[in-house]
Amino acid sequence: MADNHFDAIVVGSGISGGWAAKELTEKGLTVLLLERGRNIEHVKDYVNATKAPWDYPHRGTKTQQMIKNYPVLNRDYPLNETNLDYWTNEQESPYTEVHRFDWFRGYHVGGRSLMWGRQSYRWSDLQFEANAKEGIGVDWPVRYAEIAPWYDHVEKFAGISGSKEGLAQLPDGQFMPAMDMNIVEKDLAGRFNEHYKNHRKMIIGRTANITEPLPGRTNCQYRDKCWLGCPFGAYFSTQSSTLPAAMATGKLTLRPWAIVTRVLYDKDKKRATGVEILDAETNKTYTYTSKIVFVNASTINTAWLLMNSATDIWPDGLGSSSGELGHNLMDHHLGVGAFGQVEGYEDKYYYGRRANGIYIPHFANLFGDKRDYIRGFGYQGGASREGWDRDIAELSVGVELREALSEPGQWTFGMGGFGETLPYHDNKVTLDKTRKDKWGLNIPAIDAVLRDNELKMRKDMQGDAIEMLTTIGLKNVRGFEGNAVLGRGIHEMGTCRMGKDPKSSVLNKWNQVWDAPNVFVTDGSFMTSANCCNPSLTYMAFTARAANHAVDELKKMNL
């Protein structure tokens with residue numbers, strides 16, 4: 001076999017790309033895994049994972065130079081010196097904002113699987129059927145019964161801790177023992193669940209932090225340093241989980257510093273033949289051939305790649321025949337909620353630094369609840385005690401201040417909403433042919449805004465939070481609302497949506513590009529709607545399912 005030919009090529013090594021590599025190699029295929037950035041090796045390259053705040057020159061904060069170099073990252077929490085090299089260099093890889101879109105990216109092996117929030121939730125048929133019932137976008141070509149076995153499959157391997165609750169809108173899964181709520185959360189959840197009679201429910205978050213050991217991985221140590229890379233492998237990432245499994249087969253080749261510039265396409269066979277890459281270090285061009293291609297470059301970059309492919313056949317790119325490639329861009333809108341003070345627990349504290357919180361699942365427009373908009377939102381949050389950096393306005397420096405700050409402060413509880421964004425055709429990604437990146441490649445232009453449905457929803461996301469916290473006894477409850485912009489959820493979805501009809505979708509029900517059935521897209525771009533809960537578990541399940549289908553089709557000589 002030529003050293004540039006493989007059974008399968010996987011573009012992108014993040015959450016879904018890592019899963020594609022694992023599933024395909026374990027089914028016997030030789031796989032080339034391409035990553036546009038540098039390699040980060042598990043444990044060895046987590047250089048800051050055991051550092052304390054005083055080990056950093058600026059105590060882990062951001063500098064004026066960092067603010068200048070990373071203006072987009074500076075819009076929210078990610079910009080700091082503890083893991084700056086995990087985030088994309090904005091000067092080398094710019095993008096055009098037709099409207100503001102906060103695009104937070106990681107170009108390295110593992111992608112954002114190293115920095116993700118790890119909240120992991122299944123969808124139910126309430127979500128898979130919503131588009132069809134409400135006449136929004138296109139209908140999902142699948143239902144929960146088809147995906148449930150694949151949720152089982154990925155949960156068992158990834159390791160998801162959580163509690164079984166029997167909720168119609170949030171199916172239970174194959175869970176490890178749940179993390180504990182702290183004393184205040186337990187008491188507040190008891191009041192909450194009693195008052196709302198389970199029409200609304202406060203539960204512990206379902207997270208990809210393991211609470212029992214898995215092969216090669218140690219259970220969570222409650223350090224809350226996940227985004228530095230975990231030397232214990234206590235949370236699911238490509239490095240801790242799928243990449244070692246794929247490597248163990250002896251059938252994986254990993255190539256970092258490989259910017260995939262186009263999928264190669266044979267117009268006579270109507271099949272992809274491989275990919276072309278640009279070496280990010282040498283600027284040399286290489287081609288690799290394969291029987292199938294999995295595109296997992298993340299939603300915006302996946303759209304960009306397909307738009308640059310087969311343009312001699314389709315001017316707007318491979319998969320554009322429906323007119324939907326690049327359209328229907330979604331994210332979760334957030335930055336709105338409420339917080340307040342909790343009295344009566346001055347002699348209570350909690351164990352460690354739990355990398356998880358509480359979750360209140362979607363309840364708006366469900367089970368008899370009716371609003372003046374469609375879809376809904378959930379909340380993530382938790383209770384904690386103020387720490388050493390709280391404001392003590394009445395004290396000056398000296399012994400009194402030192403003694404005061406050595407004791408825990410006031411108990412507070414807060415929660416922020418995650419709202420669903422509808423799949424609007426006009427929320428889109430296009431190619432900006434007037435600007436180029438460091439490597440001379442045209443960059444993506446993002447044009448997406450929140451619209452009336454989401455803006456109405458945001459009012460309730462704050463109002464309901466204030467009402468609920470007041471009802472369960474918090475004091476000095478205050479609402480908050482940040483910028484109503486997309487991108488901040490870091491849950492980009494929808495630019496290559498799946499559907500039942502090639503005239504209105506980019507992919508079929510097996511994540512195959514209608515125009516090239518040996519090209520599979522299983523990152524967030526395949527999503528047909530957004531739901532309001534974190535989507536990564538769904539990417540994993542659909543990726544495993546698509547890989548299984550791809551191998552079956554190869555055996556049948558259909559690809």
Side-chain angles (χ1 to χ4, degrees), residues 72-79 97 99-104 116-117 119 121 127 169-170 185 188-189 192 196 199-203 205 329-342 356-366 369-384 412-424 427 448-472 474-493 529-535:
V72 175
L73 209 60
N74 186 51
R75 296 173 184 175
D76 209 340
Y77 69 90
L79 184 60
E97 297 175 275
H99 292 93
R100 175 177 166 178
F101 188 98
D102 298 350
W103 190 21
F104 303 147
W116 69 307
Q119 293 291 292
Y121 301 101
Q127 289 85 40
Q169 73 273 41
L170 200 73
E185 292 165 348
L188 293 180
F192 185 98
Y196 290 103
H199 292 296
R200 303 181 189 182
K201 196 163 188 178
M202 186 184 296
I203 66 175
L329 177 62
M330 299 171 285
D331 182 31
H332 292 133
H333 59 98
L334 60 158
V336 57
F339 64 96
Q341 296 177 336
V342 185
N356 190 15
I358 63 91
Y359 188 60
I360 299 174
H362 177 195
F363 56 83
N365 289 313
L366 294 179
D369 180 287
K370 184 62 180 173
R371 310 295 175 101
D372 63 346
Y373 49 86
I374 61 173
R375 312 294 167 91
F377 47 87
Y379 293 98
Q380 297 177 27
S384 62
T412 62
F413 182 96
M415 59 189 195
F418 281 65
E420 179 166 356
T421 301
L422 296 179
Y424 302 105
N427 279 356
V449 296
L450 295 176
R451 300 174 192 267
D452 186 60
N453 196 73
E454 293 78 42
L455 297 177
K456 288 180 178 178
M457 186 186 298
R458 291 177 70 79
K459 294 178 182 178
D460 280 3
M461 290 165 69
Q462 182 180 120
D464 284 16
I466 292 171
E467 178 265 318
M468 290 186 289
L469 295 188
T470 302
T471 296
I472 60 176
L474 272 69
K475 306 298 181 183
N476 300 317
V477 176
R478 288 175 284 173
F480 61 85
E481 181 174 5
N483 293 314
V485 297
L486 292 169
R488 295 182 63 199
I490 323 183
H491 296 159
E492 309 98 75
M493 297 173 264
S529 62
N531 197 358
C532 65
C533 61
N534 304 60

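In this structure, Arg100 and Asn483 have side chains that are in contact, with non-hydrogen atoms separated by less than 4.5 Å. Within the 4.5 Å cutoff, side-chain heavy atoms of Tyr424 are placed close to those of Asn453. Here the side chains of Cys533 and Tyr359 are in contact, with some heavy-atom distance below 4.5 Å. At a threshold of 4.5 Å between non-hydrogen side-chain atoms, the residues Gln119 and Asn356 count as touching. With contacts defined as side-chain heavy-atom distances shorter than 4.5 Å, the pair Gln462/Ile466 qualifies. Taking 4.5 Å as the limit, every side-chain heavy atom of Met330 sits out of range of all side-chain heavy atoms of His491. Counting heavy atoms from C-beta outward, Met202 and Met468 have side chains that stay 4.5 Å or more apart. Side-chain contact between Glu454 and Leu422 is present, with at least one heavy-atom pair separated by less than 4.5 Å.
The shortest heavy-atom contact between Gly376 and His362 is CA-NE2, 3.5 Å. Heavy atoms only, all atoms of each residue included: Ala465 and Gly337 are closest at CB-C, 4.0 Å. Between Pro535 and Met493, the shortest heavy-atom distance links the atoms CB-SD, 4.1 Å. The minimum heavy-atom distance linking Asp331 with Gly489 is given by the pair OD2-N, 3.1 Å. In this structure, Gly340 and Leu469 approach most closely via the heavy-atom pair N-CD1, 4.4 Å. Gly382 approaches Ile358 most closely through the heavy-atom pair N-CG1, 3.9 Å.
Checked for salt-bridge contact, Asp460 and Lys456 miss the test: no charged N lies under 4.0 Å from a carboxylate O. We find that Asp464 and Arg371 are joined by a salt bridge, their nearest charged nitrogen and carboxylate oxygen being less than 4.0 Å apart.
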Give the intermediate values and the outcome of side-chain hydrogen bond (donor to acceptor under 3.5 Å, both in side chains) for residues Trp103 and Glu97.
CA-CA 10 Å; Trp103 190 21; Glu97 297 175 275; over 6 Å; no
Intermediate values then yes/no, side-chain contact (heavy atoms from CB on, under 4.5 Å), Tyr373 and Asn365
CA-CA 8 Å; Tyr373 49 86; Asn365 289 313; 3.8 Å; yes
side-chain contact (heavy atoms from CB on, under 4.5 Å), that's the test. Do Asn531 and Tyr121 meet it? Break it down for me.
CA-CA 11 Å; Asn531 197 358; Tyr121 301 101; over 6 Å; no
Please determine whether side-chain contact (heavy atoms from CB on, under 4.5 Å) holds for the pair His99 and Leu486, giving the CA-CA distance in whole Å, both sets of side-chain angles, and the decisive distance to 0.1 Å.
CA-CA 9 Å; His99 292 93; Leu486 292 169; over 6 Å; no
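Phe418 and His332 have perpendicular rings, their planes meeting at more than 60° on a 0 to 90° scale where under 30° would count as parallel. Ring pair Phe377/Tyr379 is perpendicular by interplanar angle, where above 60° counts as perpendicular and below 30° as parallel.
One N or O on the side chain of Arg458 and one on the backbone of Leu334 form a donor-acceptor pair closer than 3.5 Å.
Ring-centre distance between Tyr196 and Phe363: not below the 6.0 Å cut-off.
A distance of 11.0 Å separates CG in Leu474 from CZ in Phe339, rounded to the nearest 0.5 Å. The structure places CG of Leu366 at 10.5 Å from CZ of Arg375, a figure rounded to the nearest 0.5 Å. We find the CD1-CE distance between Ile374 and Met457 to be 8.0 Å, quoted to the nearest 0.5 Å. Leu329 contributes atom CG, which lies 6.5 Å from atom CG of Asn427 (distance to the nearest 0.5 angstrom). Summarising the geometry, atom OG1 belonging to Thr471 is positioned 12.0 Å from atom CG belonging to Leu188; distances are rounded to the nearest 0.5 Å.
With Val485 as reference, Asp102 is the one residue of Asp102, Val449, Leu450, Asp76 to meet the side-chain contact (heavy atoms from CB on, under 4.5 Å) rule.
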